[in-house]
There are 2 protein chains.
Amino acid sequence: MVKITDVARHAGVSPSTVSYALSGKRPISEETRRRVEESARLLGYRPHVGARALAGRRTNVLALVVPLRAGINVPVVMRFAVSVVTTARRYDHDVLLLTQEEGEDGLRRVADSALVDALLVMDVQLHDPRLPLLRDLDRPSVMIGFPADSAGLTCIDLDFRAAAEACVEHLARLGHRVVALVGSPPEVYVRQTAFAQRVVQGFTAAADRNRLSSAVHPCEATPAAARTVAEQLLREQPALTGVVVHNEAVLEPLIDAFEELGLRVPGDLSVTAICPDELAENIRVPVTSVALPSAEVGTRAVELLMKKLGGTTVPEATLLPPRMTERASTAPRELA
Amino acid sequence: MVKITDVARHAGVSPSTVSYALSGKRPISEETRRRVEESARLLGYRPHVGARALAGRRTNVLALVVPLRAGINVPVVMRFAVSVVTTARRYDHDVLLLTQEEGEDGLRRVADSALVDALLVMDVQLHDPRLPLLRDLDRPSVMIGFPADSAGLTCIDLDFRAAAEACVEHLARLGHRVVALVGSPPEVYVRQTAFAQRVVQGFTAAADRNRLSSAVHPCEATPAAARTVAEQLLREQPALTGVVVHNEAVLEPLIDAFEELGLRVPGDLSVTAICPDELAENIRVPVTSVALPSAEVGTRAVELLMKKLGGTTVPEATLLPPRMTERASTAPRELA
DNA sequence: GTGAAAGCGCTAACAT
DNA sequence: ATGTTAGCGCTTTCAC
């Protein structure tokens, strides 16, 4: 293993000069800096992270806590994780993967043992048991999602309320007067996940504002449930012509079910969704949707964390504005 | 921060005794051990991993390299990753997440900087550029998948050849005489991923052994491609009654396509697959399948790594035997 | 602008 | 069975 003293000897300077030349934490003559960098490169020097952590109280490692519970969308989590790792690397940081299962103990463990400098927590619940811990921890953290009380925390997410409103406004502009929201599985609401509730709030508010008749239906993540909901919708709202779907798993089955029930999309029924673009684009009828920007959230979250590590204060709440793409699933209401 | 000297003072022993009592690396009187553990618990002592790594040359962190390229199945990767993290925790280890993108540099970086003790590499190619590095590294590693030459490496994977054979044997036993394999997207073969080729070999060998007429078709991961392949199959092998699918993305679309072309599954056509059980169970026609045991592979891979870290020699190759579950998609051939 | 030297908290070899 | 102590490789005063 090549260490800092090796580089120092090779460059003809002292170890501390190597350290400073490489970190830039104090002025070094251009000439020395060059020689040191050259030597480090030549010898393939990699600072021992343990030693660095011990002396400098920095590991350059971030913790990422991923959920693995029912109702979460795996590709979304994965995309998010990859974007976190990629962005972290741009800031010369690595990422330690923790599962939700480890809970508060896991967070405390990696923080107290100085394994990580900062934490990124996904899938935050309205009354998340980890919040007090995260507030107290001496290490900065960023949460993906919003709890009921986000004071003292840094949170980021898609503006789900605005996303739902955008969907409804779009349908209203197309002349639709009776709309429904097909939402997440019931357990998501029971768990009190903020984003699901915000979608409902945005949906309802926008529907009321536009004087639309509206209804909300949670839906299990199975094709059978989609079919059931479709039938129920037509029974309870016979004049229904606009649907907002916030449930990746049933988007396609739902459209199938509607068509099997004799409704053409978008001829008889306009469908919009809040889902990853990738999904919206690749189903039989490409769906007008508000994107779930997992990659962007990941990038932004890491950037927030880096600012906090650097001592900069960052806004407590970051809401990413919805971005809607019109596709083949929405059309003006056909007047009977 | 509470450190080992704090615990030592509290327990009335020396720091080294605390270290030994906690690690069990030398005999400690029952009485002392108990006192030390009690003090550690009471004070909430967490060894500083940096200090431990520096002194003990062990970080208790594993690197996991995940693929993120075209043609890989995201939920499978995620399930695998979660099982790796969970198993690693059972051995008191954490997991650092690396992306394939970082390539050899990434591996060298985390190894040289003593960030990790060992490496787990997914999605190994037949002629993987990382192999020489992994052979040379002073740190143990385990690969998921098999390269062309696995000498000197530790590899583990489902026995894909046996899996394909099991599918064909199953069809043969049911009386089918003309069979086809719908395989991975062409790029997977071009990349020379071993498992795809082994499936082809197993399929062909078993078909020949049973004197079945057979054909192999790569297939893009889109419903349109599935449709095209289905049509092509019926055109080129009009007597086709058995299909093996090794391509998660098109399993359901393919069955849909066959039925739209007038073939009932399993009435006219028996379908088997090599895919995650979760997928096989949850499509319209539950499919007889050989499971893709991502979670088991993850667990076993970590166990192998732990043995290697402990100095035990482990077999170079571990092939998990296929496990087939019969479902609704296969039936005896109807004699016309 | 650069160097010398004191630790950071832990483990393990060396004592007893 | 336990204690003493010398580092592990780095960062960061403190000195010049």
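Lettering follows sequence order; numbering is per chain, from 1.
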* Asked: Is any side-chain N or O of B/R26 under 3.5 Å from a base N or O of D/dG3, one able to act as donor and the other as acceptor?
  -> yes

side-chain hydrogen bond (donor to acceptor under 3.5 Å, both in side chains) test vs B/R130 passes for just one of B/E104, B/Q100, B/Q125, namely B/Q100

Rounded to whole Å, CZ of B/R52 lies from P of C/dC8 at a distance of 19 Å

When rounded to whole Å, the OH to P distance for the pair A/Y45 and D/dG9 reads 10 Å

Whole-Å distance, B/N60 CG to C/dC10 C1', equals 13 Å

B/D112 CG to D/dG9 C1', in whole Å, measures 14 Å

TODO: With heavy atoms under 4.0 Å as the rule, sort A/R58 into base, sugar-phosphate or nothing.
DONE: nothing

Shortest non-hydrogen pair, B/L137 vs B/L107, comes out as CD2-O, 4.5 Å

A/L115 atom CG is separated from C/dC8 atom C1', nearest whole Å, by 16 Å

NE2 of B/H93 to CZ of B/R58, rounded to nearest 0.5 Å, is 5.5 Å

| Got a donor-acceptor pair under 3.5 Å from the side chain of B/S16 to the base of D/dT4? | yes

Judged by nearest nucleotide, the residue sitting upstream toward the 5' end of DNA chain D, B/R33 or A/G56, is B/R33

The nucleotide from C/dT2, D/dG9, D/dG7 with an atom nearest the side chain of B/A55 is D/dG7

Does the base of C/dA12 carry an N or O that pairs as donor and acceptor with the side chain of B/Y20 under 3.5 Å?
yes

Residue pair A/I4/B/S14 against DNA chain D: nearer the 5' end by closest nucleotide is B/S14

Here the distance between atom C1' of D/dG9 and atom CE of A/M1, to the nearest Å, is 7 Å

Between CZ of B/R9 and P of D/dG3 the distance, given in whole Å, is 14 Å

Next item on the list: Considering only NZ, NE, NH1 and NH2 on the basic side and carboxylate oxygens on the acidic side, decide whether A/D6 and A/R9 come within less than 4.0 Å.
Entry: yes

Please evaluate residues A/T86 and A/S83 with respect to the criterion side chain to side chain donor-acceptor pair (under 3.5 Å), reporting the C-alpha separation (whole Å), side-chain torsions for both, the decisive distance (0.1 Å), and the verdict. CA-CA 5 Å; A/T86 306; A/S83 115; over 6 Å; no

Just checking A/S29: base, sugar-phosphate only, or nothing, at a heavy-atom cut-off of under 4.0 Å?
sugar-phosphate

Assign each of B/G50 and B/K25 the nucleotide of DNA chain C bearing its closest heavy atom; nearer the 5' end lies the nucleotide of B/G50

A/R46 CZ to D/dC10 C1', in whole Å, measures 17 Å

Check: Think A/S19 has a side-chain N or O under 4.0 angstrom from the OP1 or OP2 of D/dC10?
Finding: no

Closest heavy-atom pair, A/V82 versus B/L68, reported as atoms and distance to 0.1 Å, is CG1-CD2, 3.0 Å

In short, A/P47 meets A/R52 closest at the heavy-atom pair CG-NH2, 3.4 Å

**Study point:** Distance below 4.0 Å between A/T32 side-chain N/O and C/dT2 OP1 or OP2
**Key:** yes

Evaluate the side-chain proximity of A/L320 to A/V297: yes if any heavy-atom separation is below 4.5 Å, no if none is.
-> yes

At less than 4.0 Å, is any side-chain N or O atom of B/K3 found next to OP1 or OP2 of C/dC10? Yes or no.
no

In short, the helix from C/dG1-D/dC16 to C/dT16-D/dA1 is bent end to end, axes from five pairs each side, to 10°, by 30°

